Amino acid sequence: MSLLSDLINLNLSDSTEKIIAEYLWIGGSGLDIRSKARTLSGPVSDPAKLPKWNYDGSSTGQAPGQDSEVILYPQAIFRDPFRRGNNILVICDAYTPAGEPIPTNKRCDAAKIFSHPDVVAEKPWYGLEQEYTLLQKDVKWPLGWPIGGYPGPQGPYYCGIGVDKAFGRDIVDAHYKACLYAGINISGINGEVMPGQWEFQVGPSVGISAGDELWAARYILERITEVAGVVLSFDPKPIQGDWNGAGAHTNYSTESMRNEGGYEIIKKAIEKLGLRHKEHIAAYGEGNERRLTGRHETADINTFKWGVADRGASIRVGRDTEKEGKGYFEDRRPASNMDPYVVTSMIAETTILWKP
């Protein structure tokens, strides 16, 4: 095994200028991440200089067998924490050979919204809180839970420390450092309320980059859990009963909200979000009705309400924002399995472009 480890960790720059580029894309479920690697003649830092590529869409549920070719368009580059050196991870979106975005390509429409002059002028910032659950491989039961049984009730696990409270910290810390190495704007991690559940935060990131960074961070996390022999779940309610679900709270602000008088802009934006509550809920992740029950720090899925420091609201405004009269707010509705391209662009569209 030591020889295998040595080979995996070979520094290619000692012997060649060639690098390995791992192309990443979103599969047919809209949540599964696929990837494959290719050799390039030298280091690349601009995605526009990377070649397009293709894959068999019939094997990912994204094209029929008789016309299976799907084209990958490189969109963002991150350093590869697994191969290191000059090797890279490449976030791609997917198109037909005729250049049309395939149905699971949500990045294309998001990029159109984020390139709108009115949205560009507002410099939308996002902070994405990605919750997830680590599961034991063979039984698909949360890490640290007795097989076929339950741990003690919630209370000591949130930001908890100790062998009986924190399960999977090595995975979490490895992911944290790997994301920083990759160039992802990861801003923190913490243990969550349900044991075996964790959270990482990405941001503040501007516009489309928030989605690129979260997808790259998800890929890195799943690769690390692969090595650790643990299953990664983004299910919004992995365990039924008196246990917290998993969300992807989305913190948001525009330049107008961050400037003097921003609190009034925030209240108007929240009013717009309330008017389009059903449309947002429909786009905020699969299975979210199992999580948004009005319990466990959620608002009921059919109810829209906002409040200051209220974690049982659809939209939470922080005390500092209220006090300073400017800042940001948190949309607590998105599920952990949401597509960040959809959620971030929809919030921008509703609050900046949409006219009631």
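Since we're looking at a predicted model, the values are computed, not measured.
Side-chain atoms of Thr350 and His280 include a donor-acceptor pair closer than 3.5 Å. In this model, no donor atom of one side chain and acceptor atom of the other lie less than 3.5 Å apart for Asp93 and Tyr341. A donor-acceptor contact closer than 3.5 angstrom is absent between the side chains of Asn11 and Arg84. Looking only at atom types and distance, the side chain of Glu297 has a donor-acceptor partner in the side chain of Asn244 under 3.5 Å away.
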Please tabulate, for side-chain N and O atoms in residues 35-42, each donor-acceptor pair with protein atoms closer than 3.5 Å (sequence neighbours left out).
residue, atom, partner, partner atom, Å
Ser35, OG, Glu22, OE2, 2.7
Lys36, NZ, Asn54, O, 2.5

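Of all heavy-atom pairs between Lys123 and Arg258, the closest is O-NH2, 2.9 Å.
Few gaps surround CD on Glu279; more than 12 heavy atoms of other groups in view lie less than 6.0 Å from it. At most 12 non-hydrogen atoms from other residues, nucleotides or ligands lie less than 6.0 angstrom from OH of Tyr158.
Residues Trp354 and Arg276 form a side-chain contact, since some pair of their non-hydrogen atoms from C-beta on lies under 4.5 Å apart.
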Open item on the list: Show, in sequence, the C-alpha distance, side-chain angles and deciding distance for Trp141 and Tyr150, and conclude whether the ring-ring contact (aromatic ring centres under 6.0 Å, His included) test is met.
Closed with: CA-CA 10 Å; Trp141 200 236; Tyr150 295 85; 5.5 Å; yes

Open item on the list: I'd like to know whether Ile88 forms a side chain to side chain contact (heavy atoms under 4.5 Å, CB included) with Leu50, so could you lay out the CA-CA distance, the side-chain angles of the two residues, the decisive distance to 0.1 Å, and finally the verdict.
Closed with: CA-CA 11 Å; Ile88 55 177; Leu50 288 168; 4.2 Å; yes

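For Gln62 (side chain) and Ile26 (main-chain N/O), a donor-acceptor pair under 3.5 Å exists by modelled atom type.
Ring-plane geometry between Tyr157 and Phe167 is classed as tilted, the angle between the planes lying from 30 to 60 degrees on a 0 to 90 degree scale. Using cut-offs of 30° and 60° for the angle between ring planes, the Phe82 and Tyr219 rings count as perpendicular.
Taking the six-membered ring for Trp, Tyr328 and Trp125 have ring centres at least 6.0 Å apart. Residues Trp145 and Trp243 bring their aromatic ring centres within 6.0 Å.
With salt bridges taken as basic N to acidic carboxylate O contacts below 4.0 Å, one links Arg295 and Asp242. Salt bridge status for Arg319 with Glu322: present, with a side-chain N to carboxylate O gap under 4.0 Å.
The side-chain hydrogen bond (donor to acceptor under 3.5 Å, both in side chains) check on Lys237 picks up nothing, with sequence neighbours excluded.
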